[in-house]
Amino acid sequence: MTDIQKRYLTAKRALFDRYYARLNERQREAVYHINGPLLILAGAGSGKTTVLVERIAYIIRYGDAYRNNAVPFDIGERDVTALEHAATADMSREELGALLGQFAVDPCPPWRILAITFTNKAAGEIKARIAAAFPQDETVSRDIWAGTFHSVCMRILRRYTAEVGLQAGFSVYDTDDAKKAMTAVLKDLNIDEKVLSAKSALAAVSRAKDHLIGPEEFEMQIENDDFGFVDDYRKKQIAKVYSAYQTRLRRSNALDFDDIIFYATRLLQQNEGICALYQNQFRYVLVDEYQDTNYAQFELTRILSQMPRETYNLMVVGDDDQSIYKFRGADIKIILGFTEKIKSTPKAEIIRLEQNYRSTQPILDAANAVIAHNETRRPKTLWTERRGGSRIHVLNPKDQNEEARAIVDIIQQKVANGENHYRDFAVLFRVNAQSNALEQGFARSAVPYRMLGGVRFSDRKEIRDLVAYLQVINNHADRERLLRIINEPRRKIGDKTLAAVAEIAEAEHTTLFEVMARADRYIALARSADTLKGFTALIEGLSADLPYAKLDEFVEEVLDRTGYRQMIKDAGETEAERLDNLEEFVSNVKEYMNGAEAPTLTEFLEINALVADVDRYDDTADAVVLMTIHSAKGLEFPQVFLPGFEEGIFPGMQTVMAGPAELEEERRLAYVAITRAKDELYIAHAASRMLYGRTMPNPPSRFLDEIPPELLQQPKTTKYAHGETAQAAPRRYGKTGFSAPGAAERITVGRPAPAARPTVTFAPGDRVHHNNFGDGLVLSVQRMGADYLYEIAFDTVGTKRMMATYAKLTKL
DNA sequence: ATGGGGCTGCTTTTT
DNA sequence: GCAGCCCCAT
């Protein structure tokens, strides 16, 4: 290579580095590395999504520009000098980006890029950020294949429905439908639920599908104990159940969630022609949250990303330390074994993103220290350029109620002092059962809060019923949904009749609906033939009208003609909310119609099945948020509380019993919890706690012990002897149940406690002065225990609420 | 068919 | 502690 050529390449790379100056070196490396398999180990808060999006944009704009060593044959001294000058020239980012266009090598059209995520939210975010990166061309984000594993597989299955043995308009069963089907299967096979529960049978079936093992293979592989089945008899039972369950679903022209991945992957494995079609289409495959994948998903992405000559353009990004979904099938070995499992030329490479853009160093040190106790991981150490940051506050309340009070108090003080907004705070707990005490604590205070993870809209009975009607109209074979609505409202079709129908359907290998439609031909159904035929005629009538109606009007029609709306109206005033929910559903239908090119019932139902609730976390509302640690994954908050850091809760009793691998998963959960915090972290462990109706004296969590003491701001307390707490300051409780400053004092030991200044009481209408906020008008005064809460409208900074003890106020 | 009483069991969640 | 489920009585 000549000198000029070398200078050309150096100048080109310098220009790219300048264009991507906002990224750190590791991140840039990840963007430039586009050919061959790549594993990006992205620590918490390391800018993972940014890299994913920038890399996609880079592939579309520049192809393999950076790493390619090609030099134009006619390059001259003058060209190189011009490039070298450009690296320091005054240029906007857009100008620079356009200049880089000349280096493009095989830029890739968007429709040849596949980006897979786990949630619709994540897929939506990628699309939105791609759209923002190409403001002049909205086709880019439209054409990219960005979706969840399930939506991508559905796209394949929709196209090759017959090839996997389904008919158009097939149903997708959610967990609830699947459980109903499984319960029925167990009953059919005369298996006692106590011997084999529907829950564990479903879990076993789900694990089998995760490993791409169908019912036939399952039966054959029965000796291979890979799933931890205790005994052979149980395995044989499960084999029978699996097969019967699968048959039941097929006859319903239905799939469960696992089937979506299973059937799509199988199709690609077994049908070379179809497989080649997709392989030729996709030049680059990207997978997010790779630590949450299972074997089937690994295989799916491996196949789709395979290029000619044993090359894989597959980038996966994830963090083995944040693998917390083993219980739903995720297998940490997939990310840990990625480089060995993908045999490719060039070989798989690993890039680590360890610079954290979220937390203070003490928080990262604590997280690093805890996770370092795990054996099964790829070592990483998070660091930040952020300087300073306070130590981790440890709270040691007496019980779960005092824990809630302490948290509420701290939040109130910080907001009153103007240090934070309510929305800055998150309370993250291990188990939902903890939420009761916490919620009560918040409900009794003036602190606005939101609980995440209640009953979801789509889980409401009336919504499920309406969807079931629509499903049966769309797919008459759907047995689970048919059974759900056949007697809702009451149609006098009882269990005995249905059992007779089911028996005939079984004998004739047909569907319940078919048998019911021809009920008059069967002696066994003679008495109820009219009712049964009345029902099928109702459904068929609606189906016939479907092509001629607008979808939203059709749904209204369904509500009226089935008598469902009337049934709820008859139920009276108390059911008004359910009517509202049905209307809400209709407006969801309208919303879908607005966004769809050619709206159909089938497509609507499919989206409805695959999309849970629309963005349940709204971070604009100014309220403290309460949720499980699991649901907080991927989120961040300036102030984080972690209540229940106790043995028996976190790690939970069952986890400790289950073994070392489970304990490591629990530790990863602790790591996720700690790394949610940006500025301050509060860890609480109550001396005793009532959970599930039992009061337990819990020692502090081993995870707390794993944090070096110098990172902690401990309350003045010694070791616990069976839950006996050495309390520091005496507590006083106000009438409203607040522990005014008492609880907070314990967490500020080590720092001088806020001086108890004489409280001057002000009345609404008084003009006051505050050191930070200037002058203002007192709007209201509210007694809070031994203290007062002022609401003050400041002339310059707006209205603030503050506790009298902490507000440095003087009367004007 | 419906509702009340007693019993169990019970991390974590998205698709 | 409580929700959800089964069973039995009406």
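All values below come from the heavy atoms of this structure, side chains included, with hydrogens, waters and symmetry mates left out. The chains referred to below are lettered A, B, ... by the order of the sequence lines, with proteins before strands, and numbering in each begins at 1.
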Specify the separation, in whole Å, of atom [atom1] of [X] and atom [atom2] of [N].
{"X": "Asp176(A)", "N": "dT14(B)", "atom1": "CG", "atom2": "C1'", "answer": "15 Å"}
{"X": "Leu626(A)", "N": "dT12(B)", "atom1": "CG", "atom2": "P", "answer": "15 Å"}
{"X": "Asn401(A)", "N": "dG1(C)", "atom1": "CG", "atom2": "P", "answer": "12 Å"}
{"X": "Asp258(A)", "N": "dT13(B)", "atom1": "CG", "atom2": "C1'", "answer": "13 Å"}
{"X": "Lys179(A)", "N": "dT13(B)", "atom1": "NZ", "atom2": "P", "answer": "16 Å"}
{"X": "Leu428(A)", "N": "dT12(B)", "atom1": "CG", "atom2": "P", "answer": "15 Å"}
{"X": "Glu606(A)", "N": "dT15(B)", "atom1": "CD", "atom2": "P", "answer": "15 Å"}
{"X": "Ile324(A)", "N": "dT12(B)", "atom1": "CD1", "atom2": "C1'", "answer": "8 Å"}

Please enumerate all protein N or O atoms sitting under 3.5 Å from an N or O of nucleotides 4-11 of chain B, with distances to 0.1 Å.
from    : atom 1 : to        : atom 2 : distance (Å)
dT11(B) : OP1    : Gln654(A) : NE2    : 2.3
dT11(B) : OP2    : Tyr692(A) : OH     : 3.4
dT11(B) : O5'    : Gln654(A) : NE2    : 3.4

Determine if the base of dT11(B) is syn or anti; take syn to mean the glycosidic torsion is within 90° of 0.
-> syn
Assess the pair [X] and [Y]: is the distance between their ring centroids shorter than 6.0 Å?
{"X": "His685(A)", "Y": "Phe650(A)", "value": "no"}
{"X": "Phe604(A)", "Y": "Phe585(A)", "value": "yes"}
{"X": "Phe149(A)", "Y": "Phe118(A)", "value": "yes"}

Using the closest heavy atom to pick a nucleotide of DNA chain B for each, name whichever of Arg490(A) or Glu665(A) lands nearer the 5' end.
-> Arg490(A)
Would you mind telling me which residue lines up with the more 5' stretch of DNA chain B, Thr148(A) or Ile493(A), judged by nearest nucleotide?
-> Ile493(A)
Considering only atom P, compute the distance from dG4(C) to dT13(B) and round it to an integer number of Å.
-> 16 Å
Separation of the C1' atoms in dA3(C) and dT14(B), to the nearest angstrom | 23 Å
Does Tyr173(A) offer a backbone N or O that forms a donor-acceptor pair with the side chain of Ser171(A) under 3.5 Å?
-> no
Is it the case that Arg694(A) places NZ or CZ above or below the six-membered ring of Tyr692(A), under 6.0 angstrom from the centre and within 45 degrees of the axis?
-> no
Scan Met653(A) against the nucleic acid and name what it touches under 4.0 Å (heavy atoms): base, sugar-phosphate only, or nothing.
-> nothing
Reckon Tyr325(A) touches a base, only the sugar-phosphate, or nothing at all at heavy-atom distances under 4.0 Å?
-> sugar-phosphate
Go through Glu488(A) and Lys461(A) one step at a time and tell me if the salt bridge (Lys or Arg N to Asp or Glu O under 4.0 Å) criterion holds.
-> CA-CA 11 Å; Glu488(A) 197 79 30; Lys461(A) 183 183 164 357; 3.4 Å; yes
Look at the side-chain N and O atoms of [X] and state whether any lies under 4.0 Å from the OP1 or OP2 oxygen of [N].
{"X": "Thr628(A)", "N": "dT12(B)", "value": "no"}
{"X": "Asn120(A)", "N": "dT14(B)", "value": "no"}
{"X": "Arg456(A)", "N": "dT13(B)", "value": "no"}

Decide, yes or no, whether a salt bridge links Glu402(A) with Arg405(A) under the criterion of side-chain N to carboxylate O below 4.0 Å.
-> no
Can you sort out the partners of Arg491(A) under salt bridge (Lys or Arg N to Asp or Glu O under 4.0 Å), two or more places apart, ordered by chain and number?
-> none
